[in-house]
Amino acid sequence: MRNNLPALGFGLGLRTEHYNAILDTKPQVDWFEALSENYMIPGGLPLNFLDRIRADYPVVMHGVSLSIGSTEPFDLTYLKDLKKLADRIQPAWISDHLCWTGIHGQNIHDLLPLPYTEETAKHVAERVKIVQDYLGRQILLENVSSYASYVDSNMSEWEFISLICEQADCLLLLDVNNIYVSSYNHQFDAKAFIDGIPQQRVQQIHLAGHQNNGDYIIDTHDAPIIDPVWELYGYAISKIGDVSTMIERDDNIPELDVLVQELQIARDLSANVLRAAA
Amino acid sequence: MTQLAKLQADFQAYLLDDVKSSSFIKAMIDDNKVGAKKRLSIYHDAYRLRIIEALATAYPQLKALLGDVLFNKIAREYITAYPSTYRNLRWYGSEMREYLLTTLAQHPVAAEMADFESALSLAFDAEDVPELSLQELSAIPPENWDALSFKFQPAIKFVRTRWNTIPIWQALEVEEMPPKPAQESTYQSWLIWRKNFNSQFRLTTEMEVIALNMAVMGATFGEICANLEVEMDEEQAMATAAQYLAGWLENGLICKVTLIKFAS
Ligand SMILES: [Fe+2]
């Protein structure tokens with residue numbers, strides 16, 4: 001047992017397109033990941049669907065606008081609304097991305113990379129502690145896909161992640177597709193990434209598809225997961241053990257059944273790897 | 001300013017500037033695989049594409065009205081004029097009406113349509129409140145009616161149009177040929193609210209607009225009647241107010257009724 005959080009099994013990202021199918025067919029999905037900001041609203045239909053789906057399934061909250069790496073003070077309204085949603089939904093855990101999304105009160109609506117330095121790691125860790133204190137729980141940070149890297153960086157991404165985890169005592173959401181995308185874009189060894197992170201802190205795994213433009217890959221979440229990412233997932237499971245895993249699909253969204261079938265690949269692969277290791 | 005703060009300020013300035021400036025490139029590792037310029041471009045382009053897509057989602061019939069080319073041009077200019085301060089892109093674009101009033105002044109239907117579509121989305125996300133039923137209201141003895149004050153659902157809003165914007169919107173919504181833009185003889189007021197989780201709208205007379213605005217501000221049924229008496233006799237005023245109230249109730253606008261105790 002890595003920590004006191006539950007192992008949820010195999011889940012899917014909760015998407016508007018699937019609300020009715022989920023409620024009508026009660027698919028064989030162990031849990032759903034809800035995008036926090038989509039439900040940090042006064043009221044209305046999306047929250048109503050979330051409440052009803054929550055009644056049938058465990059849910060985790062996944063944010064995109066915490067901006068943990070920003071050099072600006074936290075948006076207190078954001079934190080307050082995040083906590084309010086958590087009180088309502090009672091998620092198994094809360095995650096966001098290891099990135100920054102804007103300063104000067106503005107939002108770029110993108111997961112912008114951070115320079116991998118000790119100074120930045122310390123800065124991020126301090127902020128993670130503030131958020132964890134405020135929410136009264138450990139949070140999960142997700143590694144992002146990146147397309148550019150800074151001259152300022154003086155360590156690998158996995159060393160950077162390790163430093164933050166150690167200083168903030170937070171957990172990890174390992175996005176295996178993002179590792180693949182970034183390793184392709186920046187030409188590093190994807191397995192070295194998995195070897196280099198504190199594996200006992202990985203509480204959740206993301207899988208997704210992407211677009212390969214030849215010289216670089218864009219993390220689009222609009223296609224099925226490709227074989228090299230499945231292979232990397234198997235490697236991650238062999239190193240980390242059983243981890244709650246889910247598929248993110250944000251564009252070109254197919255019928256729910258198609259994703260439930262894709263999730264079966266993850267179930268089978270994980271089971272095979274764990275059996276082989278036993 | 002720390003090194004990280006400066007880096008973020010420079011990166012953001014690069015992203016917000018419509019022209020891809022070259023000065024920030026030296027902060028990025030250049031390589032012969034992709035190159036720093038192209039790598040930064042990915043972020044620059046993605047920022048605009050993502051926001052244009054969000055505006056298209058928020059203003060579907062405005063986009064249909066203007067066509068893809070003009071809509072995308074306006075969206076790009078809008079991004080520069082109004083960088084997002086929202087944590088969720090679904091709220092981005094709330095100044096579109098004001099923006100179109102000046103940039104597309106020759107096409108006033110556009111600003112009115114932006115106003116209308118924005119009001120529909122706000123109503124969709126508004127706070128959930130209970131709906132007062134006819135039975136609850138009927139339980140109140142008639143002698144108390146004069147002193148009744150009502151609380152309304154927070155989704156309520158009026159959109160005022162001078163053009164045939166709403167008929168155009170309705171046609172575009174069902175992918176039919178819209179009527180030609182035409183100015184109406186007077187301003188029209190459209191009441192927006194939410195019922196059964198969906199945004200609703202209806203044309204409302206100016207007299208009802210005044211009555212409803214009074215009621216939302218806390219005026220009692222008696223005060224609403226008294227105000228209508230400026231236009232008609234007492235009996236007619238009472239009947240008109242009762243008719244309005246029945247409509248508000250049917251639309252599910254009222255969430256609570258209170259008996260106001262006047263100091264005697
Ligand atoms: Fe992810």
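All of these numbers come straight from a predicted model, not from anything done at the bench. Residue numbers begin at 1 in each chain, while the letters A, B, ... track the order of the sequences.
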I need the [X] [atom1] to [Y] [atom2] distance, nearest 0.5 Å.
{"X": "A:Gln187", "Y": "B:Lys33", "atom1": "CD", "atom2": "NZ", "answer": "4.5 Å"}
{"X": "B:Leu4", "Y": "A:Lys122", "atom1": "CG", "atom2": "NZ", "answer": "12.5 Å"}
{"X": "A:His186", "Y": "B:Ile29", "atom1": "NE2", "atom2": "CD1", "answer": "9.0 Å"}
{"X": "B:Leu7", "Y": "A:Thr71", "atom1": "CG", "atom2": "OG1", "answer": "9.0 Å"}
{"X": "A:His109", "Y": "B:Leu15", "atom1": "NE2", "atom2": "CG", "answer": "12.5 Å"}

Mind running side-chain contact (heavy atoms from CB on, under 4.5 Å) on B:Tyr47 and A:Asp110 for me, showing each step along the way? CA-CA 7 Å; B:Tyr47 170 63; A:Asp110 201 351; 5.8 Å; no

Does atom [atom1] of [X] have more than 12 heavy-atom neighbours from other groups under 6.0 Å away?
{"X": "A:Glu159", "atom1": "CD", "value": "yes"}
{"X": "B:Lys20", "atom1": "NZ", "value": "yes"}
{"X": "A:Glu17", "atom1": "CD", "value": "yes"}

Take B:Trp91 and A:Ile41 through the side-chain contact (heavy atoms from CB on, under 4.5 Å) test and state the conclusion after the steps. CA-CA 10 Å; B:Trp91 293 316; A:Ile41 47 178; 3.3 Å; yes

Any residues in residues 79-89 of chain B near chain A, with a heavy-atom distance under 4.5 Å, and which are they?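 If one takes a 4.5 Å heavy-atom cut-off, the residues of residues 79-89 of chain B near chain A are B:Pro83, B:Ser84, B:Thr85, B:Tyr86, B:Arg87, B:Asn88, B:Leu89.
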
Can you pull out the residues in residues 129-136 of chain B with any heavy atom less than 4.5 Å from chain A?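 Not one residue of residues 129-136 of chain B has a heavy atom under 4.5 Å from chain A.
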
With chain B as the partner, which of [options] has the greatest number of non-hydrogen pairs under 4.5 Å?
{"options": "A:Asn48, A:Leu114, A:Asn107, A:Val64", "value": "A:Asn107"}
{"options": "A:Ser153, A:Gly102, A:Ser70, A:Gly214", "value": "A:Ser70"}
{"options": "A:Ser65, A:Ala148, A:Ser149", "value": "A:Ser149"}

Counting only heavy atoms closer than 4.5 Å, note whether B:Ala126 contacts chain A via side chain, backbone, both or neither.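 Backbone only.
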
Measuring heavy-atom distances to chain A, does B:Ala123 have an atom under 4.5 Å in its side chain, in its backbone, in both, or in neither?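 No part of it gets close to chain A.
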
Interchain contact, [X] with chain B, by part (heavy-atom threshold 4.5 Å):
{"X": "A:Ile218", "answer": "side chain"}
{"X": "A:Ser146", "answer": "both"}
{"X": "A:Asp81", "answer": "side chain"}
{"X": "A:Glu119", "answer": "side chain"}
{"X": "A:Leu66", "answer": "neither"}

Can you name the closest pair of heavy atoms from A:Gly44 and B:Arg194 and give their distance?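 Between these two residues, the closest heavy atoms are CA-NH1, 3.4 Å.
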
4.5 Å side-chain heavy-atom contact, [X] and [Y]:
{"X": "A:Pro113", "Y": "B:Tyr43", "result": "yes"}
{"X": "B:Phe197", "Y": "A:Phe49", "result": "no"}
{"X": "B:Val34", "Y": "A:Asn185", "result": "no"}
{"X": "A:Ile108", "Y": "B:Arg50", "result": "no"}

From CA spacing to verdict: side-chain contact (heavy atoms from CB on, under 4.5 Å), A:Val151, B:Met28: CA-CA 5 Å; A:Val151 171; B:Met28 293 298 177; 5.6 Å; no

Backbone N or O of A:Ile103 within a donor-acceptor pair of the B:Gln8 side chain at under 3.5 Å?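 No, B:Gln8 side chain to A:Ile103 backbone: no donor-acceptor pair under 3.5 Å.
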
Looking at B:Arg39, B:Glu127, B:Gln3, which one has more heavy-atom pairs under 4.5 Å with chain A than the rest?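 Counting heavy-atom pairs under 4.5 Å, the top option is B:Arg39.
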
Working for side-chain contact (heavy atoms from CB on, under 4.5 Å), residues B:Lys38 and A:Asp215: CA-CA 11 Å; B:Lys38 193 165 167 186; A:Asp215 47 357; 2.9 Å; yes

